[in-house]
Amino acid sequence: MRILLTHFRFALLKAWAEKRTPLMRLGLFVGITFVLGTAFSSSFQQEDFGKAAVGYLSEDAGTGGDAYFQQLTATPAFAGVATFEDVASFDEGRRRVADGELAALLHVTADYSADLAAGGGHATVHVYGEKYSGVDAIIVRAVVDGFNYGANTARAVDALGETLPDGALTGTALDVETVGQTREMTALTYYAVGMLLFLLLFGAEFGSFGVSEEHLGALASRTRLAPQRTWQMFTGKLAAFSLVTLAQGGLYVLITGVLLDVRWGDIPVVMLVVFSFGALAIALGMTLMLATGDMKKTTGLIQVCLIGFTFLGGGFIATGFGGAEQISPNTYARDALFGAIFGDQLATTWRNVGVLWAVVAVLGVVGVLMSRRKTA
Amino acid sequence: MIIEAEDLRKSFKATKAVAGVSLAIGEGETVGLLGPNGAGKSTTLNLLLGLVTADTGQVRILGEDTRRLSDEARRAIGFVPQEYAFFPELSGLANVTYWARLYGLRRRALDTAVRDALEFTGLWDRRKDAAKTYSGGMQRRLNISCGIVHNPKLLIMDEPTVGVDPQSRNHILDSVRTLSAGGATIVYTSHYMEEIQALCDRVVIMDGGKVVADGALEKVIRDNTDERVVLLETPSPEAARDATDQILRHGLLAAAETDVEGSTVVLRLPPDADFNDLAARVLALGLTLESIGERRPSLETVFLTLTGKKLRD
Ligand SMILES: Nc1ncnc2c1ncn2[C@@H]1O[C@H](COP(=O)(O)OP(=O)(O)OP(=O)(O)O)[C@@H](O)[C@H]1O
Ligand SMILES: [Mg+2]
């Protein structure tokens, strides 16, 4: 414990001696937030949280296709995120998708009902989308998946001889999309969160420098000879550096709150998320350094993480990536922050904070183990 | 034995840095490790400390396997690496305190040890300045302070005086002498012959990754030079020439074995000649002499003989 505290104290001391870089970076990020928040303010709502226009066409010989679309378009959960439109012909639908008038065309072919009857309930709805990476395409896919999921559940319930209660089909996996409807998301809030996380993620660099000094070069020999364990060093420094990023994040929240009028909501909870995400960034940097034992490689990997995680977490462009965003810790921290800022989904906040700390723990164990195995 | 190493070998790709080194160092010894650049001195020290894994061979240090040292053993070891090993942006005081804390010192003992270590190397007055603002010699001294603050029983120093002005150097040498007098075992590498000669009672000479000589300083010198020289100081160059003539005339030595340098007669003794016997016979000639003495071969000569290299440059 004493050794751990020694590392904690001296890491703070060193951070204080080198406070210029983090402070300058903080200033830079406040600037970027201002620019992004202003630049995207007009188009933000419409582009990212507007409804997707979806065309549909049933050419089914039987009645199944019409029934499918009737139920789909009547489901209130979908009406919130998409507008549905019956198109006259397949060619017309395709053309309008290609022209960007429609986000997607849902198409049921002539043998839909026959397939359904023959294949034990398996038939295909074809989805034609032009912009597959766009938000709209994701909404369409979520809608179709969500509806099919609900429909299949209903069919299963039917088969058991139960009657289907009203509204059963609305119990779908579309909860996420309600964010756009109930929250008054502004471009400034969105980018303030994105940039805060980007800023905090730079803690990885900080963490890697913090251990590199003692793990490369002459200090390494003395460090390795001293009567101490790597985990003591890791934990002590992690705590110290996390406090430093917390301070940095706190200043960012304060400055953007005062100067740019960003409303941060529940500040203590926001700070908790900042601390947790900062710890994750630091642990990431330290672990990469301990594992590779090479500053060049570490810096390269950190750069990839910085850009990749921020991008996937929607920090640069406000969009999802069809599930890929789930591998970015920024996504969890972002949703946790939104939860705290809007005060409406604190359960998500707590769960995501837990996820962040679980990642910190895993990184810690990996880092300590990897550094132990390595001797020149 | 404080250190026991057996048949250590270590190659880096094609380079055989250490090619079969065995060493046994007892308590309280001060051992000088000498060798030209690239001889494998630093690698040997790193192997002894378990900082580099040996290809073959074993090291026991304070009775323990060097790869698995207990905390107790670690606290008894001090290391001053060849490069600077401290945090440049922290003050000298903070640096020394950091190591003292890691080695378990607390409160009064901590303050005293830190102060001693800094006073020891003459840095107490500059303790509050950031280490990066120190001069080269002061940084060297800080490097030493960090390595000795926990008062180690075994101190391993890798060229602690490189690039240091004579004043700082003397300060460092005095410090090492004090530690040695206090009973510490010291292993010291250097390029400066006179440092080794002044500090160490034992010398190990390395070349090409191997130990080429090992033993008490006197013995290593005696064993490795056949050259023995008697110097006769006379009042004048004429007297010197006259004395040489007499010695040759009486057949004490052959002409090739004598030389005149100013007013000094230089006599090179053949391997089987006895110094006392020769001195008596020279005195019996009744020459006018101011003094008679033996020029002792230096470590420098030994080094040159053994490695074919000059140590400096
Ligand atoms: N990490 C390493 N990687 C590759 N080669 C190395 C490494 N360390 C040492 N060597 C090589 O091993 C040999 C011995 O090096 P070492 O540093 O032990 O010599 P030294 O006697 O300490 O020299 P110096 O007097 O210059 O300090 C050299 O040829 C050196 O190039
Ligand atoms: Mg060396």
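So that the names make sense, note that chain A is the first sequence line, chain B the second, and so on, each numbered from 1. Given the structure is predicted, the values throughout are model-derived calculations rather than measurements. The figures here come from the full heavy-atom set of this structure, side chains too, leaving out hydrogens, waters and symmetry mates.
When every heavy atom of A/T6 is checked against every heavy atom of B/R106, the shortest pair comes out as OG1-NH2, 4.4 Å. B/L102 and A/A226 make their closest contact through CD1-CB, 4.5 Å (heavy atoms, listed as atom of the first residue, atom of the second, distance). When all heavy atoms are compared, the tightest approach of B/Y103 to A/R222 is OH-O, 4.5 Å. Residue A/R224 comes nearest to B/G50 through the heavy atom pair NH2-O, 3.6 Å, listed as atom of the first residue, atom of the second, then distance.
For a residue to count as touching a neighbouring chain, one of its non-hydrogen atoms must lie under 4.5 Å from one of that chain's; by this rule B/A94 touches chain A with backbone and side chain alike. For chain A, no part of B/S70 is nearby; none of its heavy atoms comes within less than 4.5 Å. Residue contact with chain B, scored on non-hydrogen atoms closer than 4.5 Å, is absent for A/Q232. In this structure, chain A has a heavy atom under 4.5 Å from the backbone of B/F86, while its side chain stays farther away. Only the backbone of B/Y84 has a heavy atom closer than 4.5 Å to any heavy atom of chain A.
Atoms CD and CG, on B/E83 and A/L219 in that order, are 10.0 Å from each other to the nearest 0.5 Å. Rounded to the nearest 0.5 angstrom, A/S221 OG and B/I156 CD1 are separated by 11.5 Å. The distance from atom OH of B/Y98 to atom NE2 of A/H7, rounded to the nearest 0.5 Å, is 4.5 Å.
Residues A/E213 and B/E89 have side chains in contact (heavy-atom distance under 4.5 Å, counting atoms from C-beta outward). Using a 4.5 Å cut-off on side-chain heavy atoms (C-beta onward), A/T223 and B/W99 make contact.
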Q: Evaluate the side chain to side chain contact (heavy atoms under 4.5 Å, CB included) criterion for residues B/F87 and A/L13: first the C-alpha distance (whole Å), next the side-chain angles of each, then the deciding distance (0.1 Å), finally the verdict.
A: CA-CA 11 Å; B/F87 303 107; A/L13 208 59; over 6 Å; no
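Within 6.0 Å of the NZ atom in A/K297, the count of heavy atoms belonging to other residues, nucleotides or ligands does not exceed 12. Counting non-hydrogen atoms of other residues, nucleotides and ligands closer than 6.0 Å to CD of B/E29 gives a total above 12. Enclosure of atom CZ in A/R9 is not indicated, since only 12 or fewer non-hydrogen atoms of other residues, nucleotides or ligands lie within 6.0 angstrom. When the shell of 6.0 Å around CZ of B/R177 is examined, it contains more than 12 heavy atoms from other residues, nucleotides or ligands.
Among the residues in residues 109-120 of chain B, none has a non-hydrogen atom closer than 4.5 angstrom to a non-hydrogen atom of chain A.
Interface remark: of the candidates B/N46, B/L49, B/I77, B/L49 forms the most heavy-atom pairs closer than 4.5 Å to chain A.
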